[in-house]
Amino acid sequence: MPVYIVLLGPPGAGKGTQAKIISETLGLPHVSSGDIFRENLKNQTELGALAKGYMDRGELVPDDVTIAMIHDRLSREDCKKGALLDGFPRTPVQAEALDGMLAQLNGKVVAVPYISVPEEVLVDRLGGRWTCRAEGHVYHETHNPPKVPGVCDIDNSPLYQREDDKTETVKRRIGVYLEQTSPLIDYYRKQGKLIEIDGTQAIDQVTTKLLDALPRIEN
Ligand code: AMP
């Protein structure tokens with residue numbers, strides 16, 4: 001049976017960083033809705049053009065568009081054993097659509113690690129965040145700087161500040177999270193799938209806690 005893990009948490013909690021590490025450990029593809037939207041922006045697709053305004057303002061792309069995009073991604077061959085979802089679902093409508101999609105694929109969400117971080121820490125983290133052009137590896141000016149300023153340690157590509165990591169937009173994104181995404185904490189808690197992890201710890205400590213808490217996955 002294909003298994004799906006949903007990473008939940010506010011923007012800046014470290015979901016992307018953790019997802020990159022644990023998807024390799026678990027052998028599950030990392031499916032990040034934000035990365036797919038950014039890829040579409042870069043390639044100037046119709047979907048990218050549609051998503052751009054919402055992303056620049058720090059708002060959510062409409063549910064129907066996002067759900068169709070994830071449905072397409074999860075239906076591909078590399079996801080036949082499941083996936084690690086990062087940034088999706090972000091609304092109750094998306095969460096219900098995901099359950100429907102996975103039932104069709106004979107799979108289900110097996111665990112939902114929720115990386116919790118207080119709001120004031122998020123503003124600081126996102127404001128100092130730099131992202132690599134090639135693969136989206138992330139750094140922080142003070143907490144996790146690259147070895148050479150402005151250059152990715154892993155693939156040497158230049159680092160840039162995402163448009164939506166600028167202060168005003170960061171505040172809007174946190175507001176959107178609290179209003180539209182945080183109800184999912186209860187949604188998954190009621191299903192007994194929520195695993196709460198303190199996201200203020202060092203990156204490797206969060207990884208260890210996450211891996212320890214996840215159920216064993218046979219692939
Ligand atoms: P992220 O990299 O996950 O912070 O996503 C960047 C932006 O992409 C968000 O601020 C939204 O505009 C859009 N986005 C990503 N995932 C979703 C989603 N599940 N639903 C709606 N919009 C999304």
Side-chain angles (χ1 to χ4, degrees), residues 4-20 23 29-43 45-74 83-102 109 112-115 117 119 121-140 159-185 187-188 199:
Y4 301 85
I5 295 171
V6 169
L7 269 186
L8 205 59
K15 297 189 298 297
T17 303
Q18 296 299 333
K20 284 189 173 64
S23 82
H30 172 202
V31 172
S32 154
S33 44
D35 284 353
I36 304 176
F37 281 131
R38 279 184 288 281
E39 196 60 32
N40 276 277
L41 276 185
K42 197 158 92 182
N43 297 332
T45 68
E46 216 173 292
L47 177 63
L50 195 155
K52 185 176 181 345
Y54 297 100
M55 294 175 75
D56 285 350
R57 291 190 297 273
E59 293 167 9
L60 295 184
V61 178
D63 281 335
D64 54 346
V65 176
T66 308
I67 290 166
M69 175 182 90
I70 292 293
H71 184 259
D72 173 68
R73 179 69 191 87
L74 293 180
L84 178 66
L85 288 156
D86 159 20
F88 182 92
R90 249 179 164 94
T91 65
V93 171
Q94 292 181 13
E96 279 165 25
L98 177 66
D99 288 343
M101 255 181 243
L102 300 189
V109 173
V112 181
Y114 161 49
I115 309 182
V117 174
E119 207 177 317
V121 179
L122 299 173
V123 177
D124 166 65
R125 281 194 185 177
L126 291 169
R129 181 157 90 169
W130 291 79
T131 304
C132 111
R133 281 259 177 238
E135 293 283 337
H137 300 115
V138 291
Y139 298 87
H140 189 279
L159 303 181
Y160 74 106
Q161 192 172 35
R162 277 169 46 176
E163 195 52 45
D164 59 350
D165 279 346
K166 309 212 164 131
T167 314
E168 273 322 297
T169 319
V170 161
K171 291 193 178 143
R172 167 99 47 86
R173 286 165 66 205
I174 295 171
V176 166
Y177 166 80
L178 292 173
E179 202 175 298
Q180 302 192 54
T181 309
S182 65
L184 298 186
I185 300 169
Y187 180 83
Y188 288 115

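Start at 1 and go down the list; that is how both ligands and their atoms are numbered. We use all heavy atoms of the structure for the numbers below, so side chains are in, but hydrogens, waters and symmetry mates are not.
Close approach to R173 involves these atoms of ligand 1, each under 4.0 Å from a residue heavy atom: 4 (O). Per-residue contacts place Q94 under 4.0 angstrom from the following atoms of ligand 1 (heavy atoms of the residue considered): 18 (C), 19 (N), 20 (N), 21 (C). Of all the atoms in ligand 1, the ones that sit under 4.0 Å from a non-hydrogen atom of T66 are 18 (C), 19 (N), 20 (N), 21 (C). Atoms of ligand 1 lying under 4.0 Å from at least one heavy atom of E59, given by number and element, are 11 (C), 12 (O). Residue contact check: S33 has heavy atoms under 4.0 Å from atoms 15 (C), 16 (N), 17 (C), 19 (N) of ligand 1. Under a 4.0 Å criterion applied to the non-hydrogen atoms of R162, ligand 1 contributes the atoms 1 (P), 2 (O), 4 (O), 6 (C).
Rounded to the nearest 0.5 angstrom, L98 CG and I70 CD1 are separated by 8.5 Å. Within the model, atoms OH of Y4 and CG of L102 stand 5.5 Å from one another, a figure rounded to the nearest 0.5 Å.
Scanning the protein heavy atoms around atom 1 (P) of ligand 1, the nearest turns out to be R90 NH2, 3.5 Å. For atom 23 (C) of ligand 1, the nearest non-hydrogen atom of the protein is F37 CE1, 3.7 Å.
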Problem set entry | Chi angles and distances behind the side chain to side chain contact (heavy atoms under 4.5 Å, CB included) call for L85, V109 | CA-CA 10 Å; L85 288 156; V109 173; 5.7 Å; no
For this session: Given side chain to side chain contact (heavy atoms under 4.5 Å, CB included), test D86 with H30 step by step and report yes or no.
Result: CA-CA 7 Å; D86 159 20; H30 172 202; 2.8 Å; yes
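Distances shorter than 4.0 angstrom occur between a heavy atom of R38 and an atom of ligand 1.
Screening T181, L60, D165 for a side chain to side chain contact (heavy atoms under 4.5 Å, CB included) involving R173 leaves a single residue, D165.
Without hydrogens or angle criteria, T91 side chain to Q180 main chain gives no donor-acceptor distance under 3.5 Å.
Judged by a 6.0 Å distance limit and a 45° cone about the ring axis, R57 is positioned over the six-membered ring of Y54.
For ligand 1, the polar-atom distance check finds an N/O of G87 within less than 3.5 Å of one of the ligand's N/O atoms. For V61, a nitrogen or oxygen atom sits less than 3.5 Å from a nitrogen or oxygen atom of ligand 1, counting backbone and side chain alike.
Between D164 and R172 there is no salt bridge, since no side-chain N of the basic residue sits under 4.0 Å from a carboxylate O of the acidic one.
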